[in-house]
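Below, chain A is the first sequence line, B the second, and so on; all start at residue 1. Computation of the quantities below employed the complete heavy-atom set of this structure, encompassing side-chain atoms and omitting hydrogens, waters and symmetry-equivalent molecules.
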Amino acid sequence: MVPVAFAILVFIVGYFAEETRARKVVDWLATLGMFCTLAIAIKILYKVVFGGFVLQFTYPIATLSMLGTGLKVDALSAFMAVIFSSIGFAASLYSVRYMEHDTGLTQYYVLLLLLVASLNGVAYAADLFTLFVFYEMMGISSYSLVAFRKHQWEPVEAAMKYLFMAAIGSTAVLLAMSMLYGLTGTLNFEGIANALKNAEAPTGYLYLVIALLIGGFGVKAAIVPMHSWLIDAHPAAPTSISAMLSGVVIKGGVYALVRTLFMFFPVTVYHWDWMLAVIGVVTMTVANIIALVQEDIKRLLAYSSIYNIGLIMLGVSIGHVSVLGLTGAMFHVLNHAIMKALAFLCAGCFLHVVGTRMLSDLKGVARRMPITGTCFGISLLALMGVPPLNGFWSKFWIILAVFLLPDPVYGGILGMLALINVLLATGYYAKVLRIVWMDPESEKVKEAKEAPPEMLIALIILTLAILVIGVYPQPFFEISEKAAESVIGVLG
Amino acid sequence: MLPYAPWLCWLIPLGFAVLIPLADKIHPRVRDGLAILGSFLAMVFAASMIPDVFAGKVTIWPDGKVVGEIPYGQSVSWINATVYVNGNETRITLGAGVLVDPLSVFMANIVGIIGFLIMVYSLGYMAGEPDMRRYWFWMSTFIGSMILLVMADNLIQMFVGWELVGLCSWQLIAFWFKATTPSPVPDFKTEGEYNAHCGMKAWIMTRAGDICLLIAIAAIGWAQLKAGQPLTFKFMDLQESTGWLRVLADVGLLVPISVLMFGGPVGKSAQFPLHEWLPEAMAGPTTVSALIHAATMVKAGVYLVARMVQVFYLAGESAGMLVALKPLFITVAWIGCFTAFLAATQAMVSMELKKVLAYSTISQIGYMMLGLGAGALLLIPAHGYVAGTFHLMSHAVFKALLFLCAGSVLHATETKYMYEMGGLKEDMPITYWTMVIGAASLAAVPGLAGFFSKELILEILWKEGQLALFTLATVTAALTAFYSFRMIGLTFHGPKSEYIKKREEEGKHVHEAPPVMWVPLVILAVASIVLGWLGPYYEAFATSGRFWVAHELGSEVTLEKYAHYLTEVFATPTAALSLLMLVIGIVPAYYIYIKRKIDPAELVSKNVVLRALYTFLYNRWYINPFYYKVFLNGTQAFSQRFRKLQTGILNVNVILMLIGFVAFIAYLVFYLL
Amino acid sequence: MAIDLFSWYIGTVVVLYSIGLYCLASKRNLVKMVIAIEILLAAANLNFIVMSYFMRTGYVHTLAHAIVIISMAIGACVAAIALSLVMNAYRHYKTLDTRKMSRLRW
C-alpha cells in the first residue's frame, strides 16, 4: 500500500504544483514531496530489512489480478528505492536555485517527481508488466527532462538519440516479456520463476529471451555497445537531471537486469555469467579509453558512469558464485549514485557560475569556489577509489570477490583487467582534479564566486554521506548484503 | 606506553588535520600551533611505546598495569562480509587494529620524531608562504596516515594508510602549483604547471604499484579460502598459518603473487621499474621532500617488504617451503641492487641539488631492499632484517639532514641548480658543516651512521658468497661517494657562480638560516654521528619480540660484546673493500669539484665514450622518455583514435547496438550448442 | 492446422521486427525512424497476442489484451514525445537527416 500511497502523493504534489503559479512555492513543494518520498522509502527499507516485513499489493481489477501481486517489496527493492529517492531529493533541492532562470518549472518538477515515482515503481514492481509500465514511464519522463531546454540544439539532439535507442531497448524487453508469457503463461516474477524451474532443458527461446533482456535493459543501463546515448544525453541535460540519470536512472536498468536474470534464469543452467563478465570488462575498458581524452567535464563524467556500470556488471556477473560480488555491486550502486550525483552537481555549480563545461575554460575554478571545489575533489577522490572514502570499499569488495572466485584463472584475469581500468580511471580523474584545482586560472573563471547556499546544501549532504560511508561502511554494507541475499535467496 | 598510545599516535594528527582549516579561521598562529602540537603529541605517543618494546611487555604508563606481551595487538570490528564459495559460507571480518611490535614502533618513531623536527623547521622555511592552511593540513594528514600505515595490524587497514600517504604526497609535491615563474622543463608554461604535473606523475605511478599490491592481497585471500582457512588479512595470522602458502605453491602462483606483493613497495619506494616519479617529486617544498620523499613515505615500501618478508619467511619456514620462496628473495635483492646502481649513476650527472638527493634516496632504498632480500635468501633473515631496517633508520636521519641543509641553501640562493651556487662555504658555515656530515654519512665514511648500516648489508652478501650482488653493491658504494662529494663541492666550494655574484650586486647576500631552521639541522647531524655507534642497541631492539631468533648479541648489550661487535665490523674484508671504494669515489670528486683542478665539462666533451655515457645517464637511461612515449603519448594517441568510434550518428549507434544484440545471441547460441 | 497458423504469426512478428530494425539502422529520415519504432512496438504487441494464442489455441486471454492495450498507450506517448522532438530538431537543424544531427560526438 505504501508505494501506491506515495506515488499518489507525488501526483498530488505535481498536480498542486501545476495549479500554483508562485515560483518558489512549486520548487519547495516538490522538494518537500521528494523528502516525504525519501522518508517513506527509508521507513520501508527499515521495516523490510530489520522487521522481515513483506509488503504486497494486488491489483483490484479482475483482469489484471491474473498477474498476481502487482507490487512487492523485498530488501533489494527497498534498498534501490532509498537510493532513487535520496538522489531525487538532492537533485530537487539543488534545482531550486540551479533552474531559477528557466521557464516551465512546473513541468520540470512534475516530470522530476514522476521520474522518481516511476523509478520507485520499477523497484517495487512484482511482475514484469508493472515493471515495464514503470520502466517506460521512467523513460518518457527522462526523455522529456533531457530535452527540457528545448530552445537549444544540444538537448534536443541528445534526447533524440536517447529516445530512439531506449525505445528499441523497450521493444526488445516487450518482446522478451511476450515470449516469457507464452512459455510460462504468467508475468508474475515468482510465477515465471516457478514455471521455469519446473521446465526441462533450456530451450533456444529462453536463450533468446536472456539476450533480449540483457540487451533491452542494457540500453538503459548503458552497457557497451548500447551506451552511445548516455554520453550525449548526460551532458546535454540540465545538471540536476544529469545527476539523476547518472546516479539512478541507469541503475534502474541494472536493477531490472539483476531482478530478472537472477530470479528467472539460474546461472548454473543458463550460463550468462561469462557474458555479463565480458560485457562488464568491455564496458569498463571502452569507457575509460575514450574518457581519457575528453575535454568536456560532464561528458567525461558520463564516460566514467559507463565505466562504473561495467564494474557493477562485473560484480553482478559473479553474484551466483559468491554473494560478495553482488553485495559489492549493490554497494557500488549506492556509492556510485552518491559520488556521481555529487560530481555532476558540483560540475553543475561550475557551469552555473562560469557558464562553460569545457575543461580548458574551467582551469583553476575550484580555487575561486572553495566549498564546491572541495566537494568536487572529494567526489572525484571517492570515484578514484581512495580508501577512507566510500568508492574504495565497493570497488574493493567487487574486485576482491572476483579474485576470490574458485577458478583462479577466470577470477585473476577479470580482476586484473578491472584493476587496470581502475588505474586508467585514476588518470583522468587526476587530470580533472589538477585542472580545476591547480592549473592557472583561465579568463572565464576570474570573476567566479561561490555557488548559492541552496545548491551547497545538497552538495554538503552528499559529501557527508561519502565521508560517513567511507569511514564506517558497516551498516550500509550490511544492508547491501541483505539486498543481495534477497535476490539470490540464500538466506530466504 | 601511554594509554591507547598505538591508536592515539595516528588518530591525533588526523584529527588535528581536520581542525586545521577551522583553526585558520581563528588566527594563523593558532593553526600553526595546532599543527606543531599534533605532530608533537604523535611523537610523544609513539615514543612512549619504545620502553615496552625493550621490556618485551606492554605496560600502561601511569598505573603500571601490564596488559600483554610484545607483539601486542588490539583490534575492533570494522566491516563484516559474507562470502559464499560453492555453498560454503565464510565470514570475512575486517578489523581496525593496531600491532605493537619492534618494527611498527620503530617506524612510528621515525615518522614521529623526524616529522616533528620537520614541522618545526617548516615554521621557518615556509614562513610567509600563502596557502599555509593547505600545507599544514596535508602535512598533518601525512603524519597521521603514515603512522596508521605502520601501526596497522592487517593488510587492508595498511592499504588505507598506504593510499592516503600517496594522496598527501601528490598534494604536497604539487603544493606550489600557483608558481608563475617559467617552468624548468620546456613542456610547461609555468613552474606551477610543472609542479602539478610532477605530483600527478607520482600519484599515478605509485598507484600502478598499488594495483599489484591489491592483486597480491586478493590472491592471498583466494588461497586462504581454497585452503579452507578463515579469511584473514592480519599479519600475525598470516605468518602463523601455512595453508595459503601451500595452496599458492600448488597452483604455481607462489612466486608471481609474492613478487606482485612487492610491486606495491616498488612503486612507493621508487624502485626500478617504477622509480621515475621520485626525481620529479623534488618539485615540492624541501620540507616535503625531506619528510615524505626521503625519510618516511618512501620507506613505507621498505616497511612492507620487511613485514612481508617476515610473513613469507615464517610461514614458509613452518610449511617447509623456503626453497620455493627463493626466487622471491632473489628478485627482491636484485631489484634493490640494480636500482641502487641505476640511481647512483644518474645521481653523478644530475644538475639540481635536490635531484642528486632524490637519486641517492632511490639508491639507498635499493640497498635496504637488497639487505632484506638477501638476508631472507640466505636463510638468516634476522641479519638481513636488522641490516635493512638499520639502514632505513640511519638513512632517514642523514637524508632528512641533507634535505634540510639543501633547503637552507635553496632558501638562501633561490635556485635549485648546483652550477648556480658555489663558494657558499663561508656564508653558511652551519649548513656547510652539517651537510658535510650528512654527505659523509651517505658516502659511508667510517664512524658515521651510514657506514655501520651499509657495512652490515655488504657483510651479509660477502659472507654468503653472493658475488654478483656484492660486486654491484660495492661499485655503487664508490659511485655514492663520488656524487656525495661532487654535490658538496659544486654547492659550497670553488668560485661563486655568476648567478650568486649578480645577486650580491643586487644586494641580496647569501645568509645563514634562522635558528628555527638550523637547530633541527644540528640535532639531525648529531644523530647521524651517534646512531651508527648504537648499532648493537638497535639490534637488541629489532630482535626483541618473538619474531626472530635473537641475534648473537642477544638482548643484553655489555661492553665486551660491544667491543667485539666493533672489531667485527671493522675487521672484516668488506670494511677494507668499502674503504677502498670510498677513496676511489672521493679522490676524483675532490680534484674535480672541490679543488676544481680539472674541468669536468672539458673532460666530457673531449672523450667520446664519456660524452655518450654522460648523455645516456643525463637522459636517465632513456627510461623516463620511454615511459612518456609509451604510457602517456601512446595511450592518448590511441584514445584519440578510439573515440572516433563514437560518431554521434544515430544510425551508426543503432547498428552498433544491433551488433551487440547479435553478439549476445551468438554467445548464448554457442553455449546451447 | 493451428500449428501452421502459429508459425505464420511468428513469422510475421519476426519479419515485422526485422523491418523495424532495418529501417532504424538504414533510414536517415527521423520521421521514418519514428515509424520504425512503431513497427517494432507493433511486432512486440503482436507477439503477445500470438503467445496467448499459442497457450490455448483459438482463444486470446484478456490479460494479453489488457497488456497490449496499455503498451499501445505507452507507445503512443513515446511516439508523441518522439514527434515533438523531431519538430524541435527540425527547428534547430532545418533538416530531418540523422547524419546531419551528429554535432554531439567523440
Side-chain angles (χ1 to χ4, degrees), chain A residues 61-67 128-129 132-133 135-137 139-141 143-144 146-147 150-168 170-187 228 231-233 235-236 290 293-296 299, chain C residues 6 10 13-14 17 20-21 24-25 30 33-34 36-56 61-68 70-71 73-75 77-82 84-93 98 100-106:
Chain A
I61 307 163
T63 318
L64 286 175
S65 65
M66 270 290 295
L67 285 168
L128 265 179
F129 187 65
F132 179 76
V133 171
Y135 195 75
E136 281 297 280
M137 197 165 118
I140 289 167
S141 42
Y143 313 141
S144 323
V146 170
K150 58 180 189 293
H151 50 280
Q152 295 163 0
W153 63 269
E154 191 185 353
V156 172
E157 183 184 327
M160 199 77 189
K161 291 177 186 169
Y162 179 21
L163 186 142
F164 277 105
M165 300 196 64
I168 298 174
S170 305
T171 59
V173 171
L174 197 63
L175 204 60
M177 264 169 62
S178 65
M179 286 178 175
L180 278 175
Y181 174 64
L183 292 167
T184 61
T186 175
L187 281 175
S228 34
I231 28 199
D232 294 338
I290 305 185
V293 286
Q294 292 301 313
E295 297 101 5
D296 175 338
R299 215 169 162 79
Chain C
F6 176 68
I10 288 284
V13 169
V14 170
Y17 208 80
L21 290 180
L24 275 169
L30 277 175
M33 292 184 80
V34 176
I37 292 281
E38 288 304 304
I39 294 176
L40 285 182
L41 204 64
N45 284 337
L46 183 58
N47 204 33
F48 253 107
I49 304 289
V50 174
M51 286 298 170
S52 175
Y53 177 84
F54 168 61
M55 285 192 305
R56 201 191 297 169
H61 198 274
T62 45
L63 177 63
H65 278 297
I67 288 174
V68 166
I70 295 176
S71 106
I74 292 172
C77 291
V78 174
I81 291 186
S84 72
L85 282 176
V86 169
M87 264 176 63
N88 274 304
Y90 187 72
R91 264 184 213 144
H92 289 296
Y93 291 84
T98 52
K100 297 270 160 37
M101 254 174 249
S102 58
R103 279 160 75 178
L104 287 173
R105 60 182 162 180
W106 301 337

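- Contact count versus chain A (heavy atoms, under 4.5 Å) is highest, among C/V13, C/V86, C/L30, for C/L30.
- Both the backbone and the side chain of C/A64 have a heavy atom closer than 4.5 Å to some heavy atom of chain A.
- Contact of A/I140 with chain C is made through backbone and side chain together, with heavy-atom distances under 4.5 Å.
- A/F164 pairs by the ring-ring contact (aromatic ring centres under 6.0 Å, His included) definition with nothing, not counting sequence neighbours.
- With chain C as the partner, the residue from A/Q152, A/E154, A/E295 showing the most heavy-atom pairs under 4.5 Å is A/Q152.
- Heavy atoms of C/V50 lying under 4.5 Å from chain A are absent altogether.
- Of the possible polar contacts, none joining the C/S52 side chain to the C/F48 backbone as a donor-acceptor pair under 3.5 Å is found.
- Looking at heavy atoms from C-beta onward, A/F132 lies out of side-chain contact with A/L187 at the 4.5 angstrom threshold.
- The side-chain heavy atoms of A/M160 and A/Y143, taken from C-beta on, include no pair separated by under 4.5 Å.
- Looking at C/L46, there are no atoms closer than 4.5 Å to chain A (heavy atoms on both sides), in backbone or side chain.
- Put simply, of C/V34, C/I81, C/L41, C/L24, the one with the most heavy-atom pairs under 4.5 Å next to chain A is C/I81.
- Side-chain atoms of C/L21 and A/I168, non-hydrogen and from C-beta on, do get closer than 4.5 Å to each other.
- Between the A/R299 side chain and the A/I231 main chain, a donor and an acceptor come within less than 3.5 Å of each other.
- Proximity to chain C is absent for every atom of A/V173, based on heavy atoms less than 4.5 angstrom apart.
- In this structure A/E157 satisfies the salt bridge (Lys or Arg N to Asp or Glu O under 4.0 Å) test together with A/K161, sequence neighbours excluded.
- At a 4.5 Å heavy-atom cutoff, the contact between A/A158 and chain C is made by backbone and side-chain atoms alike.
- Using a 4.5 Å cut-off between heavy atoms, A/A172 contacts chain C through both its backbone and its side chain.
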